[in-house]
K.L.:
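First the structure, then my questions, so here it is.
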Amino acid sequence: MQRKSICDPDLKIGILNGGGDCAGLNAVTRAVVKRAEEYGWEVIGIRHGWDGLLNVDTMKLTYKDVRNLINTGGTILKTSRTNPSKRPNGPETVLENVKKLGLDALIGVGGDDTLGVAAMLYKKGLKIVGVPKTMDNDLSSTDFTFGFDSAVEEATHEIDSLKTTGESHDRIMIAEVFGRHAGWVAAYSGIASGANLIILPEEPFDMDEVVSFIKKRHERGEKATMIVLAEGATLKNSKTFDQGKVDEFGHVRLGGIGEFLAGEIEKRTKYDIRVAVLAHQIRGGQPTAFDRVLSTRFGLAAVDLVKEGKFGMMVSLRGTMITSVSLEESTAKQRTVDPQLIAVTKQVSY
Ligand code: F6P
C-alpha cells in the first residue's frame, strides 16, 4: 500500500479518551472532528480508551454526530483505565490494530496514565499526539487541564449548600473532595466557597491543631465550621486513606479521610458533625464556559500538530496561549498545589 504522507488529503485519524472522565471531553472530540473535516480527513472514534485498540471497538465520527456536544458532560467515546502494558502483548496488539484500522495518526486524550502509554507507544513508532485531561489539574506541563474548572464549579456549589445547612444546625461540616494526591480542587473550591478550613495533601495535618482551631471558633461563638478536605490528605506521618483497591496503573482507590477526621473531632469535642463526599458527581456535570473554550482550543491544536507531523507531542496551555510539549516531559512529574496558593488557603482559614 502506498504510504500516505501526513499532508495527504485523505488521512484517517483516531481519537480515544482514557482515564477518569470529566467535563469537556466531548468538546475536544467535537473540535477534533471539525478541524479534521476541514482538512478532508476521516475521524474514527476509539471506544473505551486503550481497550478499544486491544479489542477493536470503533465508531466513525462526522461533524453532524458531534456538532451539538460542546455543552455535554461525560464522553460519547466512553473511557477506561485499561493499561496495554499490563496485558499480554498489549503494546504490540495496539500497534497492530492501528495498522489494521488504517489509522495514519492517533489523538490520545487523557491524564498522566493515558499519556504515559502514548509516550511509550510513540517510542515504538505510533504517530500520536496528546491532549491533557483531568479534573485533578495535576499535570506538570500545562497551566490548566480541562475538566478542572467544571469540577471546581460543581464542588463549590455543593459546598455552598453544605455551609448553609451547617450554619442552620450549628454543625461542623466536612466535604471530602476528589483530586487524588494534588489538592487543586479542594484549594479552589474551598477558597471559592469561603470554607473555614482547607486541608490539602500537600500539607499533612495535625489532629490537635485541627481540634484547637475548631474549639477557638466555638469559644468566639462560631459554632458552624465548614472544612474542605482533599481525598488524598493525610495525618502527619501517616499514609493516605484508601479502599484497598488498585487500578491497572497502580493507583489506589482513595476515600475515607473525611469520616476519620469527623470521628476524631467528635471523640475530642462532642460537637455535632456531618461528612459529605464530593466525588464522581463533581466530574460528571456539564463543562463550564472556560472548559468548553479550553477543550475546543486543545482539540483544534491537536489536529494541527498531526497536520504538521509533530508526533510525540502534547498540546498545553501556558498563560493564555496554546503551545505544545513532549509527551515524555508532560508525564514526568505530578503538579501539586504551589506554595503561593497554599498560603492563600491558610490566609482564608478563620
Ligand atoms: O483522576 C481523576 C479522578 O476523578 C480522581 O480525582 C479520583 O480519585 C479518581 O479519578 C477516581 O477514579 P475512578 O473513576 O476509577 O473511581
Side-chain angles (χ1 to χ4, degrees), residues 16-25 28 48-51 73-75 77-83 86 108-118 130-142 144-156 158-159 175-190 198-202 228-234 239-260 275-288 291 294-295 314 330-331 333-337:
L16 67 83
N17 294 170
D21 75 326
C22 70
L25 281 167
V28 174
H48 299 287
W50 291 112
D51 193 66
T75 168
L77 295 179
K78 309 277 184 196
T79 182
S80 74
R81 294 187 184 280
T82 301
N83 182 357
K86 296 285 184 204
V109 185
D112 47 359
D113 296 335
T114 305
L115 298 179
V117 172
V131 176
K133 168 266 344 158
T134 175
M135 64 157 279
D136 301 349
N137 198 43
D138 60 357
L139 288 180
S140 57
S141 47
T142 181
F144 282 102
T145 54
F146 71 87
F148 170 66
D149 185 62
S150 303
V152 168
E153 195 61 35
E154 293 280 342
T156 302
E158 303 219 3
I159 298 165
E176 177 187 311
V177 180
F178 252 9
R180 272 211 215 281
H181 303 291
W184 292 101
V185 178
Y188 268 67
S189 58
I198 301 166
I199 300 176
L200 306 178
E202 286 79 358
V228 172
L229 173 70
E231 64 170 341
T234 58
K239 70 176 194 56
T240 48
F241 269 71
D242 63 62
Q243 313 285 323
K245 297 187 178 78
V246 180
D247 69 18
E248 274 195 331
F249 289 92
H251 293 301
V252 288
R253 187 176 302 174
L254 297 172
I257 184 81
E259 285 296 345
F260 167 77
V275 180
V277 178
L278 308 185
H280 295 87
Q281 68 272 38
I282 66 171
R283 76 179 201 207
Q286 281 190 290
T288 57
D291 274 346
L294 182 57
S295 299
M314 177 195 90
S330 74
T331 54
K333 63 183 175 59
Q334 186 179 59
R335 191 169 68 113
T336 51
V337 179

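All of these numbers come straight from a predicted model, not from anything done at the bench. We count ligands from 1, going down the list as the structure has it; atoms in each ligand are counted the same way.
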K.L.:
Atom NZ of Lys133 and atom OG1 of Thr145: how far apart are they, to the nearest 0.5 Å?
P.N.:
8.5 Å
K.L.:
With Thr331, which of Leu139, Asp113, Leu115 fulfils side-chain contact (heavy atoms from CB on, under 4.5 Å)?
P.N.:
Leu115
K.L.:
With Ile282 as reference, evaluate Ile159, Val185, Val152, Val277 under the side-chain contact (heavy atoms from CB on, under 4.5 Å) test and give the passing residue.
P.N.:
Val185
K.L.:
So, Asp247 and Arg253, do they make that salt bridge, N to O below 4.0 Å?
P.N.:
no
K.L.:
Just say parallel, tilted or perpendicular for the rings of Trp184 and Phe148, cut-offs at 30° and 60°.
P.N.:
perpendicular
K.L.:
Answer with yes or no whether the side chains of Asp51 and Ser80 bring together a donor and an acceptor at under 3.5 Å.
P.N.:
no
K.L.:
Quick one, list the residues around ligand 1 where some non-hydrogen atom comes in under 4.0 Å, by chain and residue number.
P.N.:
Arg81, Met135, Asp136, Phe178, Gly179, Arg180, Glu231, His280, Arg283
